[in-house]
Amino acid sequence: MSKLKIAIQKNGRLYEESLQLLKDCGISVNNGKDQLKVLVDNFPLEIMYLRNSDIPQYLEDGVVDIAIVGENLLAEKQKQNEIVQKLGFSKCRVSLAIPKDVDTDQPLYFQGKKIATSYPNTLKKYLTENGIQADIHVISGSVEIAPNIGLADGICDIVSSGSTLFKNGLRETVTLLKSEAVLAKNINLNSSQEEILDKLLFRIKAVLKAKNSKYILMNVPNNKISEISDVLPVLKSPTVIPLAEEGWSSIHSVIDEERFWDVIDELKLKGAQDILIIPIDKMVI
């Protein structure tokens with residue numbers, strides 16, 4: 001039987017969350033210490049643990065069929081790969097940053113300046129689009145120290161919380177690219193590989209939908225059922241169950257995480273009581 005070869009980062013930001021996603025999809029990952037390749041027993045998948053910067057090239061070359069990788073890296077490496085699913089974790093951005101005592105946020109500050117970065121292709125694209133000429137210094141790590149040692153006037157680097165910039169006397173000015181972990185594929189998969197990928201995507205989407213949703217149940221006066229049902233962003237329609245106490249019913253539904261508190265506030269105003277919120281493990285729709 002065909003197997004799909006998937007690459008994940010062997011250490012670093014994406015490693016733990018990538019493994020957790022696969023486990024949440026019911027895929028048994030029994031990797032021993034320092035193993036670089038692992039066969040999965042309960043799904044036609046072979047996991048390869050690779051250095052993050054190598055993944056886009058290996059994916060384009062067909063060494064692996066799919067990969068969990070950061071959007072920022074795919075954009076920087078400029079390889080012929082296709083993003084098939086955004087995964088919602090390891091969110092970050094590629095941004096320009098300058099010393100805190102510089103009193104402008106304008107991109108033209110960088111005109112004729114030196115910029116240190118480990119994202120030269122992303123930076124060149126931005127500078128070209130904005131008509132800015134700057135001297136780019138490519139650094140493989142610790143980019144944020146470049147202005148402090150006189151190597152550059154600013155930097156272009158990956159930013160998550162911004163704490164590293166703050167510690168090094170820098171502040172973020174312009175976001176060039178927003179990024180998160182994605183599932184990407186080689187553009188030349190055969191039909192058998194595409195079939196396995198579809199099955200994996202089905203599981204991933206069920207996991208992601210559950211993580212972004214909450215199950216809600218509440219007690220509601222019967223004369224408020226219609227009004228409260230209109231508030232609920234349900235898949236089809238809410239479940240309504242009569243209670244032993246006459247004139248009352250229990251309503252069950254699902255709420256998107258991002259709208260959670262706004263919906264709860266509105267439900268309370270409309271008469272809902274005893275509201276319970278329950279996490280959802282999987283959602284198959």
| query | Got a sec, which residues hit side chain to side chain contact (heavy atoms under 4.5 Å, CB included) with V84, two or more places apart in sequence or on another chain? | reply | E82, L183, K185, L201

| request: Could you walk me through whether K214 and I264 pass the side chain to side chain contact (heavy atoms under 4.5 Å, CB included) test, one step at a time? | output: CA-CA 11 Å; K214 300 292 184 185; I264 293 297; over 6 Å; no

| With hydrophobic residues grouped by side-chain heavy-atom distances under 4.5 Å, do L165 and Y109 end up in a single group? | no

| task | Check whether any side-chain heavy atom of I216 lies under 4.5 Å from a side-chain heavy atom of V263, and answer yes or no. | result | no

| Same cluster or not: are I83 and L73 linked, directly or through other Ile, Leu, Val, Met, Phe, Trp or Tyr residues, by side-chain heavy atoms under 4.5 angstrom apart? | yes

| remark: Nearest heavy-atom approach of A184 to L74 is CB-CD1, 3.9 Å

| Hey, does the side chain of N212 reach the backbone of E257 with a donor-acceptor pair shorter than 3.5 angstrom? | no

| Smallest separation among heavy atoms of N81 and P56, with atom names | ND2-O, 3.0 Å

Can you list, pair by pair, the side-chain donor-acceptor contacts under 3.5 Å of residues 137-147, counting residues two or more places apart and other chains?
from : atom 1 : to   : atom 2 : distance (Å)
H137 : NE2    : D135 : OD2    : 3.4

| message | For the backbone of G88 and the side chain of E180, can you confirm whether one donor and one acceptor N or O come within less than 3.5 Å of each other? | response | yes

| field | N52 and V69, any side-chain heavy atoms less than 4.5 Å apart | value | yes

| Contacts of T122 that satisfy side chain to side chain contact (heavy atoms under 4.5 Å, CB included) - sequence neighbours left out | E76, V94, Y119, L176

| query | Sub-3.5 Å donor-acceptor pair from the side chain of Y49 to the main-chain atoms of V38, do we have one? | reply | no

| request: Please list, chain by chain and in numerical order, all residues satisfying salt bridge (charged side-chain N to carboxylate O under 4.0 Å, His left out) with K79, sequence neighbours excluded. | output: none

| Considering residues at least two apart in sequence or located in another chain, which fulfil the side-chain hydrogen bond (donor to acceptor under 3.5 Å, both in side chains) criterion with D61? | Q57

| remark: By side-chain hydrogen bond (donor to acceptor under 3.5 Å, both in side chains), S179 pairs with (sequence neighbours left out) N72

| said: Looking at E129, I want to see if its CD is surrounded by more than 12 non-hydrogen atoms of other residues, nucleotides or ligands under 6.0 Å. | reply: yes

| task | Using a 4.5 Å cut-off on heavy atoms from C-beta on, say whether the side chain of V29 contacts that of K23. | result | yes

| said: Going by side-chain hydrogen bond (donor to acceptor under 3.5 Å, both in side chains), name the pairs with one or both residues in residues 37-47, residues two or more places apart or in two chains. | reply: S28-N42

| said: Does E17 form a side chain to side chain contact (heavy atoms under 4.5 Å, CB included) with L87? I'd like the steps, not just the answer. | reply: CA-CA 10 Å; E17 289 181 288; L87 302 176; over 6 Å; no

| query | In terms of heavy-atom contacts, does CD of E194 have more than 12 from other residues, nucleotides or ligands at under 6.0 Å? | reply | yes

| task | May I ask you to test the I27-R203 pair for a side-chain heavy-atom distance under 4.5 Å? | result | yes

| said: More than 12 heavy atoms of other residues, nucleotides or ligands under 6.0 Å from NZ of K211: yes or no? | reply: yes

| Taking side chain as C-beta onward, heavy atoms only, is Y126 less than 4.5 Å from L177? | no

| remark: Residues passing the ring pair (Phe, Tyr, Trp, His ring centres under 6.0 Å) test with Y215, sequence neighbours excluded, are H252

| query | Do L123 and L96 touch side chain to side chain, with heavy atoms closer than 4.5 Å? | reply | yes

| Less than 4.0 Å between a side-chain N and a carboxylate O, is that true for K209 and D256? | yes

| With sequence neighbours left out, which residue pairs that include part of residues 88-98 fulfil the salt bridge (Lys or Arg N to Asp or Glu O under 4.0 Å) condition? | R93-E172

| message | If the condition is side-chain hydrogen bond (donor to acceptor under 3.5 Å, both in side chains), which residues does S161 pass it with, not counting sequence neighbours? | response | S163

| Y58 atom OH: more than 12 heavy-atom contacts under 6.0 Å | no

Output a table of donor-acceptor pairs, distance under 3.5 Å, between side-chain atoms of residues 98-108 and any protein atom two or more places apart or on a different chain; print 'none' if there are none.
from : atom 1 : to   : atom 2 : distance (Å)
T104 : OG1    : Q106 : N      : 3.1
D105 : OD1    : R171 : NH1    : 2.3
D105 : OD1    : R171 : NH2    : 3.1

| request: Using the rule that two of Ile, Leu, Val, Met, Phe, Trp, Tyr join whenever any of their side-chain heavy atoms come within less than 4.5 Å, decide whether L14 and V182 are in one cluster. | output: no

| field | Residues V40, L22; criterion side chain to side chain contact (heavy atoms under 4.5 Å, CB included); working and verdict | value | CA-CA 10 Å; V40 174; L22 294 178; over 6 Å; no

| task | Tell me, with the steps shown, if D65 and L197 meet side chain to side chain contact (heavy atoms under 4.5 Å, CB included). | result | CA-CA 9 Å; D65 305 310; L197 177 57; over 6 Å; no

Which atom pairs, donor and acceptor, lie under 3.5 Å between side-chain atoms of residues 267-285 and protein residues at least two apart or in another chain?
from : atom 1 : to   : atom 2 : distance (Å)
K270 : NZ     : E227 : OE2    : 3.3
D274 : OD2    : N219 : ND2    : 2.9
K282 : NZ     : D24  : O      : 3.1

| Can you find a heavy atom in the side chain of N186 that is under 4.5 Å from one in the side chain of Q193? | no

| Within a reach of under 6.0 Å around CZ of F166, are more than 12 heavy atoms found that belong to other residues, nucleotides or ligands? | no

